[in-house]
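This report concerns only the one structure given below.
The chains referred to below are lettered A, B, ... by the order of the sequence lines, with proteins before strands, and numbering in each begins at 1.
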Amino acid sequence: MQVRVRYAPSPTGLQHIGSVRTALFDYLFARASGGVFILRLEDTDRTRYSEEYVKNLYDTFKWLGFYWDEGPDVGGPYGPYVQSERFPLYQARAKELIEKGMAYYCFCGEERLAKVRADQADSDTSEMGYDRHCRGLDPAAAAARIAAGEKAVIRLKIPLEGTTKFRDALLGDIEWKNEDVSPDPILLKSDGFPTYHLANVVDDHLMRITHITRAQEWIPSAPLHIIMYEAFGWEPPELVHLPMVLGADGHKLSKRHGATAVDEFRKAGYLPEALVNYVSHLGCSFEEGRDIFSLADLERLFKVERLNKAPAIFDYQKLEWYNGQYIRLKSDADLLGLVMPYLVQAGLLAEAPAPEPRSLALGAMPLVKERLRFLADAPIMLRYLFEEPPVPAPEEFIPKKLDKARAAELLAAGGALLPSCDLSDLEATEARYRAEAERLGAKFGDLMMPLRVAVTGSRVSPPLFESIRLIGIPKATARIGRAVAALS
RNA sequence: GUCCCCAUCGUCUAGAGGUUAGGACAGCGGGUUUUCAUCCCGCCAACAGGAGUUCGAUUCUCCUUGGGGAUACCA
């Protein structure tokens, strides 16, 4: 039997790093088993729905490099793949359950439900949730009220006794007492929209889903779904509940822990490879003694047995390390392509730069490749190549244990030497400067630091001689001249 | 409160009865180096606790403790 797995997001927010991790495992599971990966939009919550989130969903996965075999945009034999386009299906199925006596109309309004909840909170009862007030209603009477136009929801009849068993491919056998299952959850809302439970079960069955992979927060609704499958007389898919992703404080990952929307990572200059690689190791391992895995590697190596049961804490530092690794793996041309939008946004480069500034930027890539943590760091690091940096305060020029006069002297000497240097020969240039430092009785570093500050505007910068080679000796000499003047 | 799931270094993990408990990130200390970074080397650091089972338990069972999740006309 061919494996069919789906990622079924609800477009009620930006794609979250946690759900993307679930999507990744869905995707890998399908690919590793030669199965089919399906995207299904669960847009049944129209109060939180937004078109913008649908767009974000597509953008996110395109950027990450996932593709689906069936979905709203690519079609497929079991469509439509958007739940809002499938409403009649759910209504029919809910009514089917009523006819079978497995579900019932409930006429309880918000107020009564709120009161039930409040009473439960006040008393020391362990009973929680709906009190099954309408469960005992005469079906014919209820049907008559519906026919008369009264508003109602449809609730599933959870058996009052007995147990529901199911097997999780990861966690093994799980058995629930039916009295502990959510008491008669709503299947169809009063506005006729299905809830997650109904839509999910109906669609998973109709779309021939073979494996449900979702986060462990869904375990408590699994028995309820199983009861529904049984009520319909359907074979339930295999369940795989994935470990959750937590923040540093051990709670469900959320905004207060830092960035959570994939979009935020993307804008900050994270690479999709880094994100995928890092996230794939939250709750899963692939191969020992290796840290770097491409999406293609993961597709090949993924196995359900390598999944973990315990929740994983999201570690921003490790993600950052991965990002650096992937940045260093890029060719200069590729890196420039990635960094370009950031340079453009900072006003350092035109959107379609002329050959000269473009080659300047390209030449700068080897200088920053080892230094970038995020793509967004590039403009800060490279600004001095494109613009005249302001002359820093005098104390910035003064090496440790030296004074202002000495700094000016070293700076002037270093500047004077520059025009006669052949910067295509870095070694020779360095040798000359070392000799110059010796002649002046200065440490090499003390000769270099003021020069660096004068040329780049900062004590921290990419390698100096290569930087000068990029902007040209005349420009560098001019900057040094200005700095000498400022120091005198 | 009730129910469910989980438990190896600070973090992500390897380990599937016998290992000096391995790797990675972070931290710390060195080295390379014109600053910063990269890179290289080293160090620190874990089987939550208690009962069993067994010749032998990190590994199997139970209990305790701890952590997380669910308890919506959201998913």
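Nucleotides A57(B) and C47(B) place their C1' atoms 11 Å apart, quoted to the nearest Å. Annotation: A70(B) and U11(B) have their C1' atoms spaced 26 Å apart (nearest Å). Taking atom P on both G68(B) and G27(B), the two are 26 Å apart, rounded to the nearest angstrom. Rounded to whole Å, the separation between the C1' atoms of U19(B) and C74(B) comes to 49 Å. For G42(B) and A24(B), the P atoms lie 10 Å apart once the distance is rounded to whole Å. Using atom C1' as the reference point in both A14(B) and U32(B), the two lie 32 Å apart (nearest Å). On the C1' atoms, U8(B) is 8 Å away from A21(B), given to the nearest whole Å. A gap of 14 Å separates the P atoms of U59(B) and C9(B), to the nearest Å.
Candidate nucleotides U34(B), C12(B), U35(B) were compared by shortest atom distance to the side chain of Ala312(A), and C12(B) ranks first. For Ile313(A), whose side chain is taken as the heavy atoms from C-beta onward, the closest listed nucleotide among A75(B), U11(B), C73(B) is U11(B). With C6(B), G69(B), U34(B) as the candidates, the nucleotide lying closest to the side chain of Leu171(A) is C6(B). Between C36(B), C5(B), C74(B), one nucleotide has an atom nearer to the side chain of Ile174(A) than all others, and that is C5(B). Set against C6(B), A75(B), G68(B), the side chain of Ala310(A) has C6(B) as its closest nucleotide. Closest to the side chain of Trp176(A), out of C4(B), U11(B), C6(B), is C4(B). Checked against U35(B), C6(B), C12(B), the side chain of His281(A) finds its nearest nucleotide in C12(B). Of the candidates C36(B), A70(B), U11(B), U11(B) carries the atom nearest the Asp315(A) side chain, counting heavy atoms from C-beta on. In this structure, the nucleotide among C73(B), U35(B), U34(B) sitting nearest to the side chain of Arg117(A) is C73(B).
The side chain of Lys177(A) places no N or O atom within less than 4.0 Å of a non-bridging phosphate oxygen (OP1 or OP2) of U2(B). Distances shown here put a side-chain N or O of His251(A) below 4.0 Å from the OP1 or OP2 atom of G68(B). Between Gln325(A) and C39(B), a side-chain N or O to OP1/OP2 separation shorter than 4.0 Å is present. Here Arg306(A) reaches the OP1 or OP2 of G15(B): one of its side-chain N or O atoms lies under 4.0 Å away. Applying the 4.0 Å criterion to OP1 and OP2 of C39(B), one finds that Lys369(A) has every side-chain N and O outside that range. Regarding contacts with the backbone of A75(B), a side-chain N or O of Thr44(A) is found under 4.0 angstrom from either OP1 or OP2.
Comparing Gln317(A) and Phe444(A) against RNA chain B, the residue whose closest nucleotide sits nearer the 5' end is Gln317(A). Between Gly283(A) and Met128(A), the residue whose closest nucleotide on RNA chain B is further toward the 5' end is Met128(A).
When the P atom of C5(B) is taken as reference, atom CG of Leu170(A) falls 13 Å away, rounded to whole Å. Leu282(A) places its CG atom 15 Å from the C1' atom of G68(B), with the value rounded to the nearest Å. Taking atom OH of residue Tyr433(A) and atom C1' of nucleotide U33(B), one finds them 19 Å apart after rounding to whole Å. Atom pair Phe286(A):CZ and A24(B):C1' shows a separation of 15 Å (rounding to whole Å applied). Remark: P of C73(B) and CZ of Arg46(A) are 13 Å apart, rounded to the nearest angstrom. Rounded to a whole Å, the CG atom of Asp180(A) is 6 Å from the P atom of C4(B). Following rounding to the nearest Å, Leu372(A) (CG) and C36(B) (P) show an atom-to-atom distance of 17 Å. Atom OH of Tyr316(A) is separated from atom C1' of G27(B) by 21 Å (rounded to the nearest Å).
Using bins of under 30°, 30° to 60° and over 60° for the plane-to-plane angle, the ring pair Phe107(A)/Tyr105(A) lands in the tilted bin. Ring-plane geometry between Phe465(A) and Tyr433(A) is classed as tilted, the angle between the planes lying from 30 to 60 degrees on a 0 to 90 degree scale. Below 30°, between 30° and 60°, or above 60°: for Tyr278(A) and Tyr322(A) the angle between ring planes is between 30° and 60°, a tilted geometry. Below 30°, between 30° and 60°, or above 60°: for His225(A) and Tyr196(A) the angle between ring planes is between 30° and 60°, a tilted geometry.
In this structure, Lys177(A) and Asp180(A) have side chains that are in contact, with non-hydrogen atoms separated by less than 4.5 Å. For the pair Val339(A)/Leu372(A), a side-chain contact is recorded, criterion being any heavy-atom separation below 4.5 Å from C-beta on. Met244(A) is listed as a side-chain neighbour of Glu217(A), based on a closest heavy-atom distance under 4.5 Å.
Under the 3.5 Å distance criterion, the side-chain polar atoms of Asn277(A) are matched with a main-chain donor or acceptor of Asp291(A). Side-chain N or O atoms of Arg469(A) include one that pairs as donor or acceptor with a backbone N or O of Leu423(A) at under 3.5 Å.
One can find a donor-acceptor pair under 3.5 Å joining the base of A24(B) and the side-chain atoms of Lys318(A). Contact annotation: side chain of Ser190(A) to base of C73(B), donor-acceptor pair present below 3.5 Å. A donor-acceptor contact under 3.5 Å is not formed by the side chain of Arg328(A) with the base of U38(B).
Among the atoms of the strands shown, base atoms are found under 4.0 Å from some heavy atom of Pro463(A). Counting non-hydrogen atoms under 4.0 angstrom, His241(A) reaches nothing in the nucleic acid. Residue-level contact check: Lys252(A) touches the backbone only, with heavy atoms under 4.0 Å from sugar-phosphate atoms and none from bases. Within 4.0 Å of Arg434(A), counting heavy atoms only, lie sugar-phosphate atoms of the nucleic acid but no base atom. At the heavy-atom level, Pro462(A) lies under 4.0 Å from base atoms of the strands shown. Using a 4.0 Å heavy-atom criterion, one finds that Glu175(A) contacts no nucleic acid atom at all. Counting non-hydrogen atoms under 4.0 angstrom, Ser285(A) reaches the backbone sugars and phosphates but no base. Nucleic acid contact for Asn308(A): sugar-phosphate only, since backbone atoms but no base atoms lie under 4.0 Å from a heavy atom of the residue. Note on Gly250(A): only backbone sugar-phosphate atoms sit closer than 4.0 angstrom, heavy atoms only; bases stay farther off. Across all strands shown, Leu464(A) has heavy atoms under 4.0 Å from base atoms, whether or not it also approaches the sugar-phosphate.
If you check U11(B) for Watson-Crick or wobble pairing at under 3.5 angstrom, you find it paired to A24(B). Partner assigned to A48(B) is U64(B), using Watson-Crick or G-U wobble distances below 3.5 angstrom. If you check A57(B) for Watson-Crick or wobble pairing at under 3.5 angstrom, you find it has no partner at all. Under the Watson-Crick and G-U wobble criteria, each requiring two contacts below 3.5 Å, nucleotide C3(B) is paired to G69(B). Across all strands shown, C36(B) remains unpaired; no Watson-Crick or G-U wobble contact has both distances below 3.5 Å.
Taking all atoms of both residues into account, the shortest heavy-atom contact from Tyr53(A) to Arg48(A) is CE1-O, 3.8 Å.
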